[in-house]
Peer 1: 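Encoded as structure tokens, here's the structure I'll be asking about.
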Amino acid sequence: MKSLVIKCGGSTVEKLPPSFFTELVELKTKHYIQPIVVHGGGPSISNILSTLNVETTFVNGLRKTTEPVLEVVEMVLSGSMNKHLVRQIMKAGGNAVGLSGVDGKLLVAKPISNAEELGFVGEIVEVNAELLTAIMQKGIIPIISPVAVDTNGQHYNVNADLAAAAISIAFRSPLCMITDVDGVQVGGSIASSLSDLEVYRLIEENQITGGMIPKVEAAVQCLTQGVSMVGIINGTEYDALTSFAINDHRFGTSFYLEEVMEESV
Ligand SMILES: Nc1ncnc2c1ncn2[C@@H]1O[C@H](COP(=O)(O)OP(=O)(O)O)[C@@H](O)[C@H]1O
Ligand SMILES: CC(=O)N[C@@H](CCC(=O)OP(=O)(O)O)C(=O)O
């Protein structure tokens, strides 16, 4: 069965309508596409940190993660967010197992290259695809929170878009990022498609900022590593998920690699 990695952003997880989860479950039952769900939870983490009076800052869309911040990240992502999604899938008639990247060494990480600045933020080096395959073979939808572990048992906070990209690359399966906007906005309207080169230019020009940066970076990572289809859609839009899965490109922004034409000498 073909698989599809669906990344649910924290901006929208709790706003997704029941119809979204029905579409998700029907991917499997009607379209024979196996969903693998990865989720974020950025706004909830920030809310709890602010209640606890712990300051939180971001560098290019990634959260600086000290030890107390990591504790809250793990509590929110692997706890309430993860179980919320498990329940929603069950209400829609599907069966789901929630697990974090730490469980079964599902996501093995190393410190990100600028760890002096970001703290316990990780970069995925290995995905336990066998574990996910075993869960899916039982007819169960995996719901994954992006907390990862290294070989010494240290935990890391991983941006959910980048965790989803790593899983998508491991399975060579398309990636659909669900967020609270209709796609990538460029000059007042939503771009229906963007190339890797356009993405880099838009970041330079500050037209793509904040949480949209890891999303477009995840998209380019996937495409350069053999994933054929990556998109960003609004999860509250009826039919957008199904439309992406069956490749009719009616919603959101999709991405492609621009051919670099060699200059003839
Ligand atoms: N060019 C852009 N087009 C659309 N959204 C953008 C753009 N640049 C920055 N953003 C911001 O990125 C946000 C989505 O990222 P984020 O809040 O991290 O979402 P999620 O929690 O779904 O991962 C949008 O709500 C918007 O505020
Ligand atoms: C390193 C890093 O930034 N981790 C993210 C993990 C959650 C996430 O990615 O949530 P969204 O999908 O809502 O953005 C964070 O701490 O917010």
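Count residues from 1 along the sequence. Note that ligands are numbered from 1 as they come in the structure, with each ligand's atoms numbered from 1 the same way.
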Peer 1: Answer with yes or no whether Gly41 contacts ligand 2, where contact means a heavy atom under 4.0 Å from a ligand atom.
Peer 2: yes
Peer 1: Tell me, please: is Gly9 in heavy-atom contact with ligand 2, that is, under 4.0 Å?
Peer 2: yes
Peer 1: Working to the nearest 0.5 angstrom, can you tell me the gap between His39 NE2 and Leu77 CG?
Peer 2: 6.5 Å
Peer 1: Can you tell which part of His39 has a heavy atom less than 4.0 Å from ligand 2: side chain, backbone, both or neither?
Peer 2: neither
Peer 1: Could you list the atoms of ligand 2 found under 4.0 angstrom from a heavy atom of Asn159?
Peer 2: 1 (C), 2 (C), 4 (N), 9 (O)
Peer 1: Val158 heavy atoms, cut-off 4.0 Å: which ligand 2 atoms fall inside?
Peer 2: 4 (N), 6 (C)
Peer 1: Measure the spacing between SG of Cys222 and CZ of Phe255 and express it to the nearest 0.5 Å.
Peer 2: 10.5 Å
Peer 1: Under the side chain to side chain contact (heavy atoms under 4.5 Å, CB included) test against Val149, which residue among Leu107, Asp103, Val102, Leu106 passes?
Peer 2: Val102
Peer 1: Under the rule for salt bridge (Lys or Arg N to Asp or Glu O under 4.0 Å), what residues qualify as partners of Glu55, not counting sequence neighbours?
Peer 2: none
Peer 1: Restricting to side chain to side chain contact (heavy atoms under 4.5 Å, CB included), what partner residues turn up for Ser193, sequence neighbours left out?
Peer 2: Ser254, Tyr256
Peer 1: Could you tell me whether a side-chain N or O of Ser3 sits under 3.5 Å from a main-chain N or O of Ser173, the two making a donor and an acceptor?
Peer 2: no
Peer 1: Out of all atoms in ligand 2, which are within 4.0 Å of some heavy atom of Ala160? Include the element for each.
Peer 2: 8 (C), 9 (O), 12 (O)
Peer 1: Let me know which of Asn157, Thr56, Thr57 forms a side-chain hydrogen bond (donor to acceptor under 3.5 Å, both in side chains) with Arg63.
Peer 2: Thr56
Peer 1: For the atom pair CD (Gln225) and OG (Ser168), what is the distance rounded to the nearest 0.5 Å?
Peer 2: 10.0 Å
Peer 1: If you measure only the distance, is there a donor-acceptor pair under 3.5 Å linking the side chains of Asp180 and Thr12?
Peer 2: no
Peer 1: Closer than 4.0 Å to some heavy atom of Asn157 - which atoms of ligand 2 meet that?
Peer 2: 1 (C), 2 (C), 4 (N), 5 (C), 6 (C), 15 (C), 16 (O)
Peer 1: How does Thr65 reach ligand 2, if at all, at less than 4.0 Å between non-hydrogen atoms: by side chain, backbone, both, or neither?
Peer 2: neither
Peer 1: Put together the list of close N/O pairs, under 3.5 Å, between ligand 1 and the protein, could you?
Peer 2:
{"unit_1": "ligand 1", "atom_1": "1 (N)", "unit_2": "Gln185", "atom_2": "O", "d": "3.0"}
{"unit_1": "ligand 1", "atom_1": "1 (N)", "unit_2": "Gln207", "atom_2": "O", "d": "2.7"}
{"unit_1": "ligand 1", "atom_1": "3 (N)", "unit_2": "Gln185", "atom_2": "N", "d": "2.8"}
{"unit_1": "ligand 1", "atom_1": "8 (N)", "unit_2": "Thr209", "atom_2": "N", "d": "3.2"}
{"unit_1": "ligand 1", "atom_1": "19 (O)", "unit_2": "Thr179", "atom_2": "OG1", "d": "3.4"}
{"unit_1": "ligand 1", "atom_1": "21 (O)", "unit_2": "Gly10", "atom_2": "N", "d": "3.2"}
{"unit_1": "ligand 1", "atom_1": "21 (O)", "unit_2": "Ser11", "atom_2": "N", "d": "2.9"}
{"unit_1": "ligand 1", "atom_1": "21 (O)", "unit_2": "Ser11", "atom_2": "OG", "d": "3.4"}
{"unit_1": "ligand 1", "atom_1": "22 (O)", "unit_2": "Ser11", "atom_2": "OG", "d": "2.6"}
{"unit_1": "ligand 1", "atom_1": "22 (O)", "unit_2": "Thr179", "atom_2": "OG1", "d": "2.7"}
{"unit_1": "ligand 1", "atom_1": "23 (O)", "unit_2": "Lys7", "atom_2": "NZ", "d": "2.9"}
{"unit_1": "ligand 1", "atom_1": "23 (O)", "unit_2": "Lys215", "atom_2": "NZ", "d": "2.5"}
{"unit_1": "ligand 1", "atom_1": "25 (O)", "unit_2": "Asp180", "atom_2": "OD1", "d": "2.9"}
{"unit_1": "ligand 1", "atom_1": "25 (O)", "unit_2": "Asp180", "atom_2": "OD2", "d": "3.3"}

Peer 1: Quick one: list whatever passes side chain to side chain contact (heavy atoms under 4.5 Å, CB included) with Ser78, sequence neighbours left out.
Peer 2: Glu74, Ser100, Ser145, Val147
Peer 1: Which ligand 2 atoms, with their elements, are less than 4.0 angstrom from a heavy-atom of Leu62?
Peer 2: 3 (O)
